[in-house]
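Just below is one structure, and these are the notes that go with it.
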Amino acid sequence: MNAKFYVTTPIYYVNDAPHIGHAYTTILADVLARFHRALGDDTFFLTGVDEHGQKVEQAAQKRGLTPQAHCDDLAPRFTSLWKKLGISNDDFIRTTQDRHKRIVQMILQKVYESGDIYQKEYEGLYSVAEERFITEKEAESGQFREVKTIKEKNYFFKMSKYQDRLIKYIEDHPNFLRPDHRRNEMLGFLRQPLTDLCISRPKARLSWGIEIPFDREYVTYVWFDALINYISAIGYGTDDAKFKRFWPGVHLIGKDILTTHSIYWTTMLFSLDLPLPETIFAHGWWLMGESKMSKSLGNVVRPLDLIEQHGVDAVRYYLMSEMILGQDANFTPENFIKRYNSDLANDFGNLLNRVSGLIGKNHGNVIPEAGTPTEAEAAIMAQGQILGKNVQALIADYKVDAAINEVMNLIRAVNKYMEMQAPWKLAKTDLPAAGRVLYTATEALRLAAVLLKAVMPDKAMIVLEILGAHDSGLTWGELKSGVTLPSFPPLFPRIELEKKT
RNA sequence: CGCGGGGUAGAGCAGCCCGGUAGCUCGUCAGGCUCAUAACCUGAAGGUCCUUGGUUCAAAUCCAAGCCCCGCAACCA
């Protein structure tokens, strides 16, 4: 029986156009989803956008649009980018959709009736300029103008009630919060008493949100709204069968929203009496050179520029192989080019080229017979045979970079093997032996392509089609002898470095 | 003394849990090959494994103290 796999990205806030960070998380989710689909798992991949809240309202105002019109304009920027990035999401949720709003209101009502929401007067420091409450520390920093103490009635969610249960849950489930250091971070955070979460905003202050069903004077706080997307999209409250089929799932998030997910969301789920997510995985950030990517520094990388220059798959490959999941990574154009050239052009693409060239020259363009393996073939075969299992295990453990490296190790080994066996020499004295070498090398390439399908869907498929093996699997030897190879342009043309001026 | 993570060749990382010749990718240098996208292969140079002290026959690995960097610290993607 196959397992199920439900993976989500955060729903992205639509106050600005998507950047490399959004693209990264989404590609990561896509790669995992594609891997699991290939394994035959019942897979569901959700992404979407978060459209309520103050910043959206303000961004709309600036453009002279209604918030809804602003959202309708921005949401397609995400969907069209995902299309260009080859994202295979099964659904795309927008929090302004009725299907979502209805469920959020239903949940608010339910939690209210269960007694986990109460009203209280809240007093705190409020920055009129920023239109939000700030902490004392922030006030001391002097970065906020027009700070004053205001009192306001608001609704609160009894997060504190679930603190002990949450601590115990995290301690008992080592795979719940990952990587480990984030888990420790949250356990440390939970050592201090939790306060309850303010989940309302008076309409006078913010109107762009989901109305609280039991008090029309308020809308709900964006996080209480947004987090629910993970279950509203898969049928919570409307399609029980679907919901039970996929929940709980894996949430991929950036480290910036760890607290909201591991504390707010989980306590909400406790209150709803639902199982907690299987895993919340917080990945790191892409740093641009030495500094964090930020609009004010003008170093925001737009994924589209890269795709246009080097192709989607190269970008996907770079992002997936360069970042060790959970740690920050450095994004520089030099780095990108280095990795592209060394892994994709020199190792992978060039191997395909030399192998197909030799098959063309000495074997009439037809994939030769496998022959009887010698020790040299046996070594490559052995590596190839366990590769699938190794990669699967690494993917299951969210070690995408290591999984990719495992595949590249086979390619490197085959380049070595080619050098040792020298089929271009062998062909002159022992044509079947040369054929045996080329079959082995080609089969390794096929296997690598099958495993890289999740990361580079287009390029991997091109390779498989060239080899006449588009629907082949992970078993060594599936490559068919006798297939005629078409001619094809270099798979990954080298990027020539422009000289710096 | 808030909590947590980390400091290993020029760069990025693995090894540390379960002590025993310090490894991978990129870069540099030399050589080889010439099937290939000036690519591929081999070899070399390059390390006080942050510091100090301890345990041990033996420490990057365990213990202690210190120095430095980075996250988190509540309503803020």
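In what follows, chains are A, B, ... by sequence order, proteins preceding strands, each numbered from 1.
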A/Leu491 side chain, from C-beta outward: closest of B/U37, B/C72, B/A77: B/U37

Polar contact flag, side-chain donor to acceptor under 3.5 angstrom, A/His100-A/Ser232: yes

Pair A/Ser271, A/Asp116: side-chain N/O donor-acceptor within cut-off below 3.5 Å: yes

Phosphate-side-chain proximity, A/Lys416 and B/C40, N/O vs OP1/OP2 below 4.0 Å: no

Donor-acceptor side-chain pairing of A/Thr374 and A/Glu377 below 3.5 angstrom: yes

Any strand: nucleotide that pairs with B/A45 via Watson-Crick or wobble, under 3.5 Å: none

Touch class at under 4.0 angstrom, heavy-atom based, for A/Pro179 against every strand present: nothing

For atom CG of A/Leu190 and atom C1' of B/A74, their distance in whole Å: 11 Å

Sugar-phosphate only, base, or nothing, as touched by A/Asn415 at under 4.0 Å among non-hydrogen atoms: sugar-phosphate

Qualifying residues under ring pair (Phe, Tyr, Trp, His ring centres under 6.0 Å), relative to A/His70, sequence neighbours excluded: none

Among A/Glu57, A/Glu217, A/Glu211, salt bridge (charged side-chain N to carboxylate O under 4.0 Å, His left out) partner for A/Lys203: A/Glu211

Sugar-phosphate, base or nothing in reach of A/Tyr12, heavy atoms under 4.0 Å: base

Donor on one side chain, acceptor on other, A/Asp401 and A/Ser321, under 3.5 Å: no

Using a cut-off of under 3.5 Å, enumerate the N/O to N/O pairs linking the protein to nucleotides 30-33 of chain B.
unit_1	atom_1	unit_2	atom_2	d
B/G32	N2	A/Glu419	OE2	3.1

Polar contact flag, side-chain donor to acceptor under 3.5 angstrom, A/Asn154-A/Ser200: yes

Sugar-phosphate only, base, or nothing, as touched by A/Ile11 at under 4.0 Å among non-hydrogen atoms: base

Cation-pi, A/Phe492 ring and A/Lys459 (6.0 angstrom, 45 degrees): yes

Residue-level proximity of residues 346-365 of chain A to RNA chain B when a heavy atom falls under 4.0 Å: A/Asn346, A/Asp347, A/Gly349, A/Asn350, A/Asn353, A/Arg354, A/Leu358, A/Lys361

Watson-Crick or G-U wobble mate for B/A60, both contacts under 3.5 Å: none

Counterpart base for B/G2, defined by Watson-Crick or G-U wobble contacts under 3.5 Å: B/C72

Table of protein N/O atoms under 3.5 Å from nucleotides 1-4 of chain B N/O atoms:
unit_1	atom_1	unit_2	atom_2	d
B/C3	O3'	A/Arg191	NH1	3.4

Sugar-phosphate, base or nothing in reach of A/Thr195, heavy atoms under 4.0 Å: base

A/Tyr317-A/Tyr340 aromatic ring centre distance below 6.0 Å: no

Contact under 4.0 Å: A/Arg183 side-chain N or O vs B/G71 OP1/OP2: no

Where protein sits on nucleotides 6-16 of chain B, one letter per nucleotide: B base, S sugar-phosphate only, - none, heavy atoms under 4.0 Å: -------SS--

Ring center gap for A/Tyr218 and A/Tyr155 short of 6.0 angstrom: yes

Between P of B/C70 and CG of A/Asp256, the distance in whole Å: 19 Å

Base-pairing mate for B/C40 - Watson-Crick or G-U, with both contacts under 3.5 Å: B/G32

Check ion pair A/Asp164-A/Lys168 (N to O, under 4.0 angstrom): no

Whole angstrom value for the distance that separates P of B/U42 from CE of A/Met420: 8 Å

Any donor-acceptor N or O pair under 3.5 Å, side chains A/His19, A/Trp286: no

Sub-6.0 Å ring centroid separation between A/His310 and A/Phe336: yes

No-hydrogen, no-angle side-chain donor-acceptor test under 3.5 Å, A/His261 and A/Tyr230: yes

A/Tyr12 and A/Asp50: side chain donor to acceptor below 3.5 Å: no

Flag for A/Arg494-A/Asn346: side-chain donor and acceptor within less than 3.5 Å: yes

Working for salt bridge (Lys or Arg N to Asp or Glu O under 4.0 Å), residues A/Asp343 and A/Arg412: CA-CA 9 Å; A/Asp343 285 10; A/Arg412 290 182 194 116; 3.7 Å; yes

Neighbours of RNA chain B within residues 395-410 of chain A, by heavy-atom distance under 4.0 Å: none

d(NZ, A/Lys428; C1', B/C35) in whole Å: 10 Å

Pair assignment for B/A14, Watson-Crick or G-U wobble, requiring both distances under 3.5 Å: none

